[in-house]
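Below is one structure, written out as structure tokens, with a few remarks after it.
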Amino acid sequence: MLRNSLILLVLLGFAAAVFPLVHSYEAKDTLTGVAEHYANYGKEEVGAANLVSAVVVTYRGFDTLGEVTILFLASAVIGLFLKVSETHTKDSRSVFFKSTEILVTASRLLVPMIMLLGAYIFINGHLTPGGGFQGGAVIASAFALLLLSRPQKQFSHKLISVIESISGITFVFIGLLGILLAGGFLDNHIFAMGKFGTLLSAGAIPIIYILIGLKVGSELTGIVRNLKESQKVG
Amino acid sequence: MQLFSIEYISLVVGFLILLIGIWGILTRKNILKMVIGFSLFDTGTHIIIVALGYVRNKTAPILDQANLQTNTAQKIVDPVPQALVLTAIVIGLGVTALMLVYAMKLHNEKKTLNIEKYNDLKW
Amino acid sequence: MILLLITIVLGVVMLIAALIAVYNKDMKTAIIAAGLTSLFASVLYVLLAAPDVALTEASIGSGLTTLIFFYVYNKIRRNNAQE
Amino acid sequence: MVAPIYIIATLLGVAFALGLFGKKMNSMAGLLSVVALGFASFISLEWLAGFWLYDRAAEYIYTAGFKPPFSINLLMGKDEALFTSLINIAGFFGTVYLWDKLKKIGSNGYVTLMGMILGLNVIIMTRDLFNLFVFLEISSIATAGLIIFSQNLKTIAAGFKYMLATGIISGILLLGIIFMYYFTGTLNIDDFLAVHSLAVKGFGVAVFFVLISIVLELKPFPANGWGLDVYESADSGIAAMISAGTATASFFVMYKLLPLGTPQFHMVLAGIGLATFIGSNLMGLKQTNPNRLLGYSSIGQVGLLVTILGLSEFLGERTTFIAYSILISHFLAKAGLFWISGIVKRSEIKEWAVLRNNRLLLILFGVFIFTLIGFPPFPSFFGKWDLVLNMASNNQYFWIVGILIGSLLEGVYLFRWLGYALKLDNAEMPAFEVKWNKVLPIAVFGAATFVVGYFVSSIHPYAKIINYIPLAVALAFVLIDFLPVYVKNTLAILAMAYYYYYLYPTLSSFGAVFGAIFMVGGIVTLIAGYAFKGQRRGFYPFALMMFAGLIGLIEAKTTLGFFYAWEVMTVGSYFLIIRGKKSMPHALSYMLFSMGGAYLMLAGFAIASVGQFNLDMSTLSHVLVHPTWVFILLAVGFLTKTASLGLHIWLPGAHAEAETDVSPMVSAILLKAGVFGLVTLFLAMGDQLIGGDVSVIYLLGWLGAITAVMGNLMAAFQEDAKRLLAYSSVGVLGYILFGLSLMSHLGWLSAVSISVTHFMFKSLLFLAIGGVVWRVKTKEMYRMGGLIKRMPFSFFSVLIGIIVLAGLPPLSGFSGKWIFYNAVMAKEWYLQGALIFFSGMIAFLYTFRLIHSVFLGQLKDEHREVKEAPFWILVPQYMIIGVLLYFSAIPNSLLKPIGKIISPYFPTGGLEWTGQHAVSTYGYWNGLVIFYIVIAIFVTVLVWLIINNRKAQKVKQFNIVFAAERPFKPETSHYAYNFYAHYRKAIGILVEPKITGWWEGVAEWAHAMGDKFRKIYNGNGQSYLIHIMAFIVIIYLISFGGF
Amino acid sequence: MGTIVTKILYALLTLFIVTNYGLILSGVVRKIGARVGRRHGIRFYQPYIDLIKNYTFRTRITHGIMYYIGPVFRLTGGIGLLLFLPVIYGSPVFDNFSFAGDLTFVLYFQFFGVLGMALGAGESGHPYSALGVSRGLAQTTAMELPLTLGVLALAVQYHTLNIHEIVAAQQGSILHWTLFTNPLAAIAMMLSFLAMMGRSPFDVVLAPQEIPIGPPTEYHSALLGVLQLNRAIFPAAKLILFMNLLFGGATNWGELVIKTFFIYMWSVFVGIAYPRFRVDQSVRWYFGIPLLIGVAAILVVKYF
């Protein structure tokens, strides 16, 4: 009990530390600084309708590169952690429960729909809200549903890692192209800027987002698959 | 400083969830509960980030309508925190997934989820 | 004004869900409560004019995180049962 | 110049490509990643060369084609180039080291490693705060991955704690970043530096959160349990990467963000750093697991670096020099030590004796230990020197004391570990198998310490003028260590002789006298080296290193040169002493006392340098601030070397346990280094007063007198012959100290002449007794006896030695006593004079005991066939005897030149010489006439006795009047054990080892404190998190609570 | 060259006189001791007879070189001490070789003989001789402290270490003797004189009952003869030294005989009155009163 009250004390101290931050906060009425520049010149400089995607992919493209590396590292470490067996062992019963009839038929209908939605999200990343990450996550959830409904179905680990690597390498390659052809690493002017608002606009952003979508999708599926088939490592 | 505005409430709620998350981490002995505490801590931070980016009665930073495309600085919310929070959420996922796998492996070793049992490395 | 009301309600519900997630003995309800908090958070983001973030939070924050939680929880339960 | 962005592009590209490699192509993947890391190191080294040699301008790299703050930019400046090359080199050699382990793990392992190096590189180069957060996260996830390369309970638990801790820290960092963005509207570090003092209190708190999370990343003292577990459990190769890589990178981040903090926060930072440095070194005392011990030491060193950052406004532009020299030494040494630990794979530091199976690794282990602690010729020596000097110039004495105590504590456990490795027996331990890919990185880093050491000394303003030739010659002897003894011995003697010939004209005043003792003495004692057979590996480099240090003392023009030579001498002598069989504990106490003394001297020189234009030795004569303190510090520093009472406990063991020809070197020559130091100090600073009237030199006089008496008293009660001689050295050194503190012509004449004579008779005695011990294989005097019949030459040299030591008239010992009597009369220090005479009397006790128990009395059965001491040990003895007799017959050949040297400093009260007849103000003395008369009487009486007693019949050993009985066993009738039992009954209480007891008490207390502190780390991951949160709250309250 | 030869002849003359005086003195004192004990006592010339007896022994043994040379050291020490002392004040004839060494030299030269004796005794291999030597050395160190303090006080008082000048300063009336001008120093030195003479309270070194005759246990015949010769000269030399330092030296042999006789009687009287001390008792005793007196002597001289 003493320990909890001590922790409470520490938490109150932390709250007191955070209080001036909260206290001196009031909502701004106009954008200032960097955001103002992005807002006013985003359209000309990057040409993406969805300003957040513009910031994510081009302005702070290096962050996204870092971001993708994090997921890649996370799945690598998880792969490292769980000694995943290549061969499909007979007794890998479903983690949850025997998949029921309803789940199988529903999944047969839903899975393609979800995948279509995911693809739409990351293809139109620069126009509508969403982007590579969200699209990838949706696709991963589609695969998760697939895994739930058909536990004995086996994914080839090879395929997932190949997609992952290829999309990663191409992403870096596009970044390098940025140096050779355009202003700097990860600059999106390497491809035609196209007409603002249309599908093929904003230079490299859609291509990058597609790559990110594929990569994130495969990584998350990889993680889920590793969890499902990981042997009980003594 | 209006107390009752959307962003201030969400900021306060964000901090409260953050504190609850930390409380969960520091007091619960069960490892899974700690990881849950962690995900709450992350969610709280994300709420704060987005709340900070909010500009009163402005629309989302998507320039789909024509009128938004001229002097957009006065019409949209701050896109930068949203970009940052996007990355933060995915980082949160990566870290949480890794922690859960750690938790699973720890459970394999000593068949218990109580953090106090894992004190072989001390002094 | 209506938005203000909704935010307050959302805030309160999220706090309750967070407390359940921390204090509830049964792990399953705790995980679900955590998922709920992030779900309500994504709704809050929509209110705060951040659609991208809402979509991410919904799919990753509540969706995948909860999924992984359940995977691991069940594996641990099965592992426990085997002993 | 390849653009730095390619570092990131190659690392990332290869990381992603590794996914394509299947299970079978592991070695291919390994090769690819090594090539990638090699290319990255090449780029950063190329930039480093560009900056430091051709000093190019720093270069900004823009991403996304937009100017900052609108996009993320990276900087490749002079510092970034250095740090990225350190990281990449660590990565490259780390991968080479972990080659086989990575091959077992497969492509995921390579990916994690590449991810880690990539993360660290970007952390160093990035100028964007959020980008810093992202890549910090990458490196922490990669580290979490690296930890579980070897999957067992410990690594997984450590990994989990690591994840929890870094999770919270990065969460708080994110919070801080986002609020900084909210207040300033930008994320670029350069913009923050420009605007950093915003009126709003909130901004200050946001900056605080960012800075505190970076500090937590550096594992500060109370909140670093999680760091230690990682170091202990992780595979040593990984721990090397973490300790060398992550610590360097996070230090650089701290250095980058330092200007954001308020000056008050800097002081708090310095406080945290010092607490970490002292705390973790204190806890290091109790560690037995090598990796955990290295973890403590690594956290301690990072703490020291944080302190330096905190004190940067005191250190001014020297901060970078100091920080980088200490950082690079830490980087090289810590990586090397972890790698060696990876090869040795022992969980107990006592089992490291197995290291002796591989000579190269043992040498490298020693090199890394000395690099870590900051001995010359390694880089951190200059770093620590500048640090203490600059702090003294801002009279920040509190920090100096803290830093020196911390480094002393670190010295304790590191030298104890080195002692275990060198001396504990490793008979039953199976040897470890060594693969080239593990040894290569260690060897490269070992060589790098020397190269960097030389480079750092070449850019240091005062280090340039130190004469490195003697040290270089000593190190050169390492190369020819495989030659047989007689070749190396001749070479060493020739080198010494040539250097003495080369140096002689330049030596002036006391340098000439002490130069003669050091070099001529060195040559004489080296001659005894011919008696040894085989190669005697490891002796000559360190012997010459000691002599190089001694020569350096004389040649030193600057205080830095003096201190450099002093430390070189300590290193050389440490390795000489530890060669003895049972010498490990004594060598350890010797090194600790020397380090303590050296640090006092360092503080003394630092305070002396305040307000001076240069570091010349002459600055000691006009010290501007606290001259008394400078005097006391330096004096005590020198006294640790002359083993005055209280600081003497290391001497008996060190001299007694050393090898036959090392004992005379260490006892007769090395102690004179302290005397030379005192001479320079007394001449430069003259007398100092404490509190206006108490003269320090008066106190030193009393100390000298008491040491003389106690030293001789303790010598009288020793059973071990060499220990007896060692204590007698303590006595004579006390006598010399008293002579010097008389501060009069005669006082100094007696002190300096006694130091010369002491060198002669002490090396004579040690060589003779060494020869006896060599034959008889025991040092216990009561086990010997009657050896005059078997070893007459040794007997004669010991006889001459004790006559000179006791100061009996015909021989030169008496000259010192006579001059001394006059000096005491002149100075009117009668009571101390009487004490010194009493010590002279006690000299008779132990000299007789020595010669009686060893040579006279009954010859033991097992020694009936023992041969005379080896020829080459007798040769130097009889050379010395020749010189002694010459000086006894013609005393003014020694005393007049010394008198001439002293007279410029003490003109009045000298001796008038007419031929060999010396007249002083009080008495007169004619050495030559006395010598002739005594010899004449002796001869006449001898002749008269021979005439009367010509048919004397030699009787056998047991033919003695023993109550009409015939003693059968020599043991019963050899009266030697506890020879002065009755004397001990009378004044034995004076000689109880109270001082040793006190020092052991101090050591015990320190260990108990260490033990109490380390109980904080109770192994519970949750409590570590509570420590972190509590740490944040406390530091917040200190920084903002207005304490 | 001539002066050297004459100096040596004069020295030999002094040596002859003092040796005979020493022998007769020890004989007479033993006779007085006996007569006090109401015994007839030995003939006063008994020491001559012992000397001749030892030299005419037929069986001669030696235990080794050092054993052989030990007595030579001993006698050299005795003779040397005597020859470096100015025996008769003022007469060029009898101040022997005192021009070579001053008071410090004399103090230190005492030990030359002691060391020689110790080495010789050690070589003999007899445990009792070694025991005797250890007792002797321990006791002398204790005795030496008050002596040194006394001599220091004396030297400071007269501002010289030259024995001639000390004696010169004490000429004139009895009141000029150091005994009266510096009583504390004199007492301290006289107390340590007891142990120097090795008479009763401090004679554990030679302790006839316990160990035959201490260090020289194994010696006999010519070697013992040399030691006996020294036992005559060495005490006489010390008597002369104390006479010069404390009792105003002697201008002629008659005065010398009387003064030395009474100094010697001082140690005899104390010897008879007190039982024998063990070594640690004597060491502890010397660190008590005599040491304090010595320190007092120093302080007195230093500050007044």
Side-chain angles (χ1 to χ4, degrees), chain A residues 27 50-57 67 71 74-75 78 81-82 91-97 114 117-118 120-122 125-126 128-145 147-148 209 213 216-217 219-221 223-234, chain C residues 1 3-4 6-8 11 14-15 18-19 21-29 31-32 34-36 38-39 41-83:
Chain A
N50 178 349
L51 268 183
V52 173
S53 309
V55 169
V56 163
V57 174
E67 182 39 47
L71 265 184
S75 73
I78 291 170
F81 224 139
L82 314 171
D91 67 354
S92 71
R93 279 164 290 96
S94 148
V95 171
F96 291 88
F97 37 73
I114 297 170
L117 173 65
Y120 171 77
I121 288 172
F122 62 68
H126 57 296
T128 62
F133 299 109
Q134 299 86 339
V138 166
I139 289 174
S141 54
F143 280 109
L145 180 60
L147 278 175
L148 287 178
Y209 252 155
V216 167
E219 259 145 26
L220 295 178
T221 331
I223 291 177
V224 168
R225 180 198 160 284
N226 285 348
L227 282 174
K228 174 175 177 306
E229 268 136 26
S230 73
Q231 303 317 99
K232 181 179 86 57
V233 172
Chain C
M1 190 44 198
L3 286 179
L4 190 63
I6 297 168
T7 351
I8 295 168
M14 272 204 294
L15 287 175
L19 287 173
V22 169
Y23 274 98
N24 198 304
K25 288 286 170 291
D26 169 20
M27 278 310 285
K28 266 206 277 295
T29 40
I31 296 173
I32 292 166
L36 264 180
S38 56
L39 200 63
S42 65
V43 172
L44 185 67
Y45 294 147
V46 171
L47 289 177
L48 291 169
D52 278 278
V53 181
L55 189 61
T56 330
E57 180 66 26
S59 61
I60 293 179
S62 53
L64 275 172
T65 317
T66 325
L67 183 77
I68 295 172
F69 257 107
F70 270 112
Y71 251 108
V72 169
Y73 173 64
N74 282 322
K75 194 152 283 274
I76 287 177
R77 214 158 38 78
R78 200 150 56 86
N79 204 324
N80 239 343
Q82 260 165 2
E83 281 319 303

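- Not counting sequence neighbours, Tyr120(A) has no partner by the side-chain hydrogen bond (donor to acceptor under 3.5 Å, both in side chains) test.
- In this structure, the separation between CG on Leu227(A) and CZ on Phe70(C) is 14.0 Å, given to the nearest 0.5 Å.
- Rounded to the nearest 0.5 angstrom, Leu67(C) CG and Leu220(A) CG are separated by 10.0 Å.
- By a heavy-atom distance cut of under 4.5 Å, Pro51(C), Asp52(C), Leu55(C), Thr56(C) are the residues of residues 50-57 of chain C near chain A, going up by number.
- Taken from OH in Tyr71(C) to CG in Asn226(A), the straight-line distance is 10.5 Å, to the nearest 0.5 Å.
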